[in-house]
Amino acid sequence: MTSRRGFFRGALLVAGGAVLGAASSKVPRWFGPDRQPLQGGYAAGSDRNLWPAEGQQGVTWHVSTDQPLVALTFDDGPGPNYTPLVLDTLDKYDAPATFFMVGERLAEHHKLVEGRLGRHEVGNHTWSHADLSEQDFDGVTRQLKRTHDAIVTYTGRVPRLLRPPWGHLGGSTLLAANALGYDVVLWSYQMHEKRYAQNPQAQISDIVTKSRPGEIILAHDYGDQQRLVALGHLGPMIEGLRARGMKLVTVSELLAAGRVRPPKGP
């Protein structure tokens, strides 16, 4: 026999389920794929008449090339814990790299890279490490332009490469990148500090043996202590890659060495 308490508990659960069910039917209106940017508007495109005439935007994660070239890239810095270590190692081995910098961190820590970027390239990684897939065109543009200006101010470079945080892309990112003259660059291989936390030698071997010509390798010069699994062993990685005949280049140098692909079609 059902108790009075059990009856009321069941009634509440049924009522609550009905409310949730009704609410869930409305969720797509608020958060559906056509409403993804939190600031409103479309992620995948727009009906504005302000877009550049090209009508297309490339995204690169690996470069097809016959040359034994590899690009090391470092995201999220600069920061005091690891950026100096990375630059010291690259200096020791006379190795170039591409740094995708977060604007607000560059503004705070610009002295860390002052006079130290001679052989290196600088790219845009947004102002606040924002998820650009959740931004509309205006939000993405603000993130990129503010960082662009900081890079010009503090490094004297004019960045032309964009890497969206986490590799998250929406149509608004592609539109803004096109409007601002950026090439979008992701990665084809990365450091796995968590996987090799107890075995840094395996991290070295993984990068050295599995990197192919045209590889864009992701590392980070900002974050927790696990970053040291990779950053503390950059020297052996560079030595190992070179022993295999690989040459380290910046991303732009790698892009310039890419083969021209024939057009797709039957």
Side-chain angles (χ1 to χ4, degrees), residues 56-78 82-83 86-87 89-91 93-103 105-106 113 116-127 129 132 140 143-144 147-148 150-152 154-169 173-174 176-178 180-191 207-208 210-222 227 230-231 234 237-238 241-242 244-261:
Q56 60 182 357
Q57 175 68 42
V59 180
T60 300
W61 55 90
H62 181 272
V63 175
S64 295
T65 179
D66 298 320
Q67 303 178 52
L69 306 177
V70 173
L72 281 175
T73 67
F74 297 90
D75 285 12
D76 295 359
Y82 305 125
T83 303
V86 172
L87 289 170
T89 304
L90 296 173
D91 283 348
Y93 288 91
D94 195 24
T98 301
F99 290 85
F100 288 94
M101 296 186 177
V102 173
R105 293 171 187 165
L106 174 61
V113 299
R116 304 207 61 185
L117 297 173
R119 70 174 66 81
H120 307 303
E121 182 171 30
V122 180
N124 193 321
H125 201 46
T126 75
W127 177 257
H129 205 268
L132 295 184
V140 175
Q143 283 280 334
L144 300 188
T147 305
H148 184 101
I151 291 172
V152 171
Y154 294 117
T155 74
R157 310 293 183 84
V158 179
R160 289 293 174 233
L161 303 178
L162 162 65
R163 176 172 285 166
W166 302 287
H168 291 183
L169 277 172
T173 305
L174 300 178
N178 189 270
L180 295 172
Y182 275 98
D183 292 320
V184 180
V185 175
L186 303 180
W187 60 91
S188 51
Y189 211 69
Q190 70 181 85
M191 308 287 184
I207 293 297
V208 170
K210 294 182 181 179
S211 295
R212 305 162 293 164
E215 205 84 83
I216 300 174
I217 301 173
L218 169 65
H220 297 81
D221 59 328
Y222 194 94
R227 298 299 188 207
L231 302 183
L234 282 178
M237 291 182 197
I238 294 170
L241 289 169
R242 285 175 171 168
R244 287 186 55 210
M246 296 290 188
K247 179 182 179 183
L248 296 176
V249 294
T250 64
V251 169
S252 287
E253 290 171 331
L254 186 60
L255 292 172
R259 290 196 303 265
V260 177
R261 296 185 178 183

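What you see is a predicted model, and the numbers here were worked out from it, not measured in a lab.
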Can you confirm whether [X] sits close enough to [Y] that some side-chain heavy atom of one is under 4.5 Å from a side-chain heavy atom of the other?
{"X": "Val113", "Y": "Leu106", "value": "yes"}
{"X": "Met246", "Y": "Val208", "value": "no"}
{"X": "Leu231", "Y": "Phe74", "value": "yes"}
{"X": "Pro164", "Y": "Leu186", "value": "yes"}
{"X": "Leu87", "Y": "Asp221", "value": "no"}
{"X": "Ile207", "Y": "Met191", "value": "yes"}
{"X": "Leu72", "Y": "Pro96", "value": "no"}
{"X": "Leu90", "Y": "Leu248", "value": "no"}

Would you call the rings of Trp166 and His168 parallel, tilted or perpendicular, where under 30° means parallel and over 60° means perpendicular? tilted

Roughly how far apart are [X] [atom1] and [Y] [atom2], rounded to 0.5 Å?
{"X": "Ser211", "Y": "Ile217", "atom1": "OG", "atom2": "CD1", "value": "3.5 Å"}
{"X": "Asp183", "Y": "Asn178", "atom1": "CG", "atom2": "CG", "value": "9.5 Å"}
{"X": "Leu69", "Y": "Lys247", "atom1": "CG", "atom2": "NZ", "value": "7.0 Å"}
{"X": "Thr126", "Y": "Leu144", "atom1": "OG1", "atom2": "CG", "value": "7.5 Å"}
{"X": "Thr65", "Y": "Leu254", "atom1": "OG1", "atom2": "CG", "value": "7.0 Å"}
{"X": "Leu218", "Y": "Ser188", "atom1": "CG", "atom2": "OG", "value": "10.0 Å"}

So, for [X] and [Y], which heavy atoms are closest and what is the spacing to 0.1 Å?
{"X": "Ile216", "Y": "His62", "answer": "CD1-N, 4.2 Å"}
{"X": "Tyr182", "Y": "His148", "answer": "OH-ND1, 2.6 Å"}
{"X": "Val140", "Y": "Leu132", "answer": "CG2-O, 3.9 Å"}
{"X": "Glu121", "Y": "Val251", "answer": "OE1-N, 3.3 Å"}
{"X": "Glu215", "Y": "Lys210", "answer": "OE1-O, 3.6 Å"}
{"X": "Leu162", "Y": "Phe100", "answer": "C-CE2, 4.1 Å"}

Heavy-atom donor-acceptor pair, [X] side chain to [Y] backbone, under 3.5 Å:
{"X": "His125", "Y": "Val102", "answer": "no"}
{"X": "Arg157", "Y": "His120", "answer": "yes"}
{"X": "Arg227", "Y": "Tyr222", "answer": "yes"}

Can you confirm whether the side chains of Thr73 and Arg163 place a donor and an acceptor under 3.5 Å from each other? yes

Determine, step by step, whether Asp91 and Arg119 satisfy the side-chain contact (heavy atoms from CB on, under 4.5 Å) criterion, reporting the C-alpha distance in whole Å, the side-chain angles of both residues, the deciding distance to 0.1 Å, and the verdict. CA-CA 9 Å; Asp91 283 348; Arg119 70 174 66 81; 2.8 Å; yes

